[in-house]
Amino acid sequence: MKSPLRSDGKDGKSIRVPARKLTVLALMGALMYACQVVMSFVPNVHIVAMLIIVTGLLFGWEAFYSVILFIILEGITYGFGIWWFNYLYVWPVLVLIVCLLRKNDSVIFWAVVAAVHGLCFGALCAIPYFFIGGAGMAFSYWVAGIPFDIVHCISNFVVTLVLLKPLRTVIERYALQKAE
Amino acid sequence: MPAAKKKNLIVLLVLIVLIAGAALTYVIFSQKPVEGMKTITVDVIHKDGTKKTFRIKTTEEFLRGALEQEDLIKGTDSQFGMFVETVDGENVDAGSQEWWCFTQNGESLMTGVDVTPIKDGDHYEITFTVGW
């Protein structure tokens with residue numbers, strides 16, 4: 001079975017990622033980071049989830065490279081607190097979902113996936129508090145953040161609905177020519 | 001109805017149900033704010049160990065509002081709420097793992113300052129802390 005993290009070279013066995021594809025993956029990671037920083041003044045409104053979905057749809061498992069870069073840049077910028085350890089699984093989970101459901105072509109479907117991820121963001125971030133202070137602490141943490149999660153959900157839905165298709169078209173047309 | 005449209009409709013309905021469920025959970029289980037005038041006490045323990053006590057009379061419903069009313073805190077807004085960086089004029093350096101620990105009657109607060117409702121007679125401590 002073909003490894004999800006391999007990229008075929010000329011001999012079909014190489015694990016190297018072609019330079020152009022690697023560049024695009026790096027740029028996607030940098031774009032996720034830049035967009036998050038630029039929009040950080042508006043809590044829970046950003047285009048990171050949409051960018052991850054686009055990257056996952058175009059590159060499959062290799063989208064993990066972009067997400068790992070994004071997480072590292074976030075940590076360097078904001079410090080490595082509990083929230084950073086949340087990021088280590090919250091964003092890769094979205095990549096996993098995209099790769100598993102990659103055959104879907106509907107923009108509405110992906111807008112809903114982004115929305116559900118936004119809605120579950122707080123619940124996912126509450127997991128460490130389960131180990132720190134028990135179920136009560138984790139539940140209180142999650143409940144207190146639900147209004148933020150709902151904003152996150154709606155913003156993810158709208159952003160993905162509007163930008164997914166145009167962005168995917170632009171990347172396919174201009175960045176991925178002869179990339180494979 | 002075409003299968004694709006039917007599928008889209010189903011996922012949209014699922015999303016609406018999930019949002020409604022989350023909103024209902026919040027309404028039922030969240031701590032409710034209290035209206036009206038209230039007096040709270042806030043102890044600030046600085047880096048050098050000195051302690052200052054502030055008695056705040058406020059109509060604010062959440063801790064953040066009460067503390068900002070007295071110009072006691074400053075910080076950065078994030079998707080997790082306000083990250084408090086300055087208390088009573090003293091800054092923390094996140095790079096040195098310095099942060100302000102908020103407690104109520106000695107027990108850790110389970111929510112951020114934005115969403116911690118206050119009531120008359122509450123007692124909070126804000127302690128300069130080093131190390132995650």
Side-chain angles (χ1 to χ4, degrees), chain A residues 36 39-46 48 76-86 101 104-116 118-123 125-126 129 132-134 136-157 161, chain B residues 2-33 62-64 75-83 85 92-100 103-104 107-117 129 131-132:
Chain A
Q36 190 280 322
M39 298 188 72
S40 60
F41 67 97
V42 186
N44 294 93
V45 178
H46 53 71
V48 174
I76 290 169
T77 303
Y78 297 113
F80 297 92
I82 288 181
W83 67 270
W84 188 77
F85 291 97
N86 292 152
L101 303 174
N104 282 278
D105 225 6
S106 162
V107 172
I108 290 181
F109 175 82
W110 290 113
V112 169
V113 167
V116 171
L119 193 63
C120 295
F121 196 91
C125 290
Y129 293 96
I132 292 170
M137 187 177 194
F139 185 72
S140 296
Y141 177 89
W142 171 56
V143 168
I146 285 176
F148 297 102
D149 287 339
I150 292 176
V151 170
H152 199 173
C153 167
I154 294 168
S155 68
N156 274 5
F157 180 83
L161 193 68
Chain B
K5 274 195 175 176
K6 199 175 178 181
K7 184 179 162 188
N8 286 342
L9 193 61
I10 289 170
V11 294
L12 279 171
L13 282 172
V14 166
L15 178 64
I16 290 167
V17 166
L18 287 174
I19 292 174
L24 195 64
T25 303
Y26 178 75
V27 166
I28 293 171
F29 292 104
S30 67
Q31 292 178 288
K32 305 291 183 290
F62 296 96
L63 185 57
R64 175 177 175 169
T76 312
D77 280 310
S78 74
Q79 61 193 4
F80 302 101
M82 185 195 213
F83 179 71
E85 292 160 333
V92 290
D93 176 11
S96 302
Q97 295 190 4
E98 295 174 353
W99 54 289
W100 289 104
T103 52
Q104 183 177 6
E107 291 191 7
S108 293
L109 281 185
M110 293 188 183
T111 51
V113 293
D114 299 73
V115 293
T116 300
T129 307
W132 306 127

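By convention in this document, chain letters (A, B, ...) are assigned in the order of the sequence lines, proteins followed by strands, and residues within each chain are numbered from 1.
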Shorter than 4.5 Å, heavy atoms on both sides: which option in N8(B), T25(B), V115(B) has the most such pairs with chain A? N8(B)

Against chain A, work out which of T116(B), L18(B), I28(B) has the most heavy-atom pairs shorter than 4.5 Å and name it.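 Of T116(B), L18(B), I28(B), L18(B) has the most heavy-atom pairs under 4.5 Å with chain A.
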
Using the benzene-type ring in the case of Trp, are the ring centres of F29(B) and F139(A) under 6.0 Å apart? yes

For A22(B), is it the side chain, the backbone, both or neither that has a heavy atom under 4.5 Å from a heavy atom of chain A? both

Chain A contact via V11(B) - which portion, at a heavy-atom distance below 4.5 Å: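 For V11(B), backbone and side chain are both near chain A.
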
Indicate the atoms forming the closest heavy-atom contact of [X] with [Y], along with that distance.
X: D93(B); Y: E98(B); value: N-OE1, 2.9 Å
X: W100(B); Y: E85(B); value: NE1-O, 3.5 Å
X: M39(A); Y: H46(A); value: SD-CA, 3.9 Å

How are the rings of W83(A) and Y78(A) set to each other: parallel, tilted or perpendicular (split at 30° and 60°)?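 Judged by the thresholds at 30° and 60°, the geometry between W83(A) and Y78(A) is perpendicular.
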
What part of F157(A) gets within 4.5 angstrom of chain B, counting heavy atoms only: side chain, backbone, both, or neither? side chain

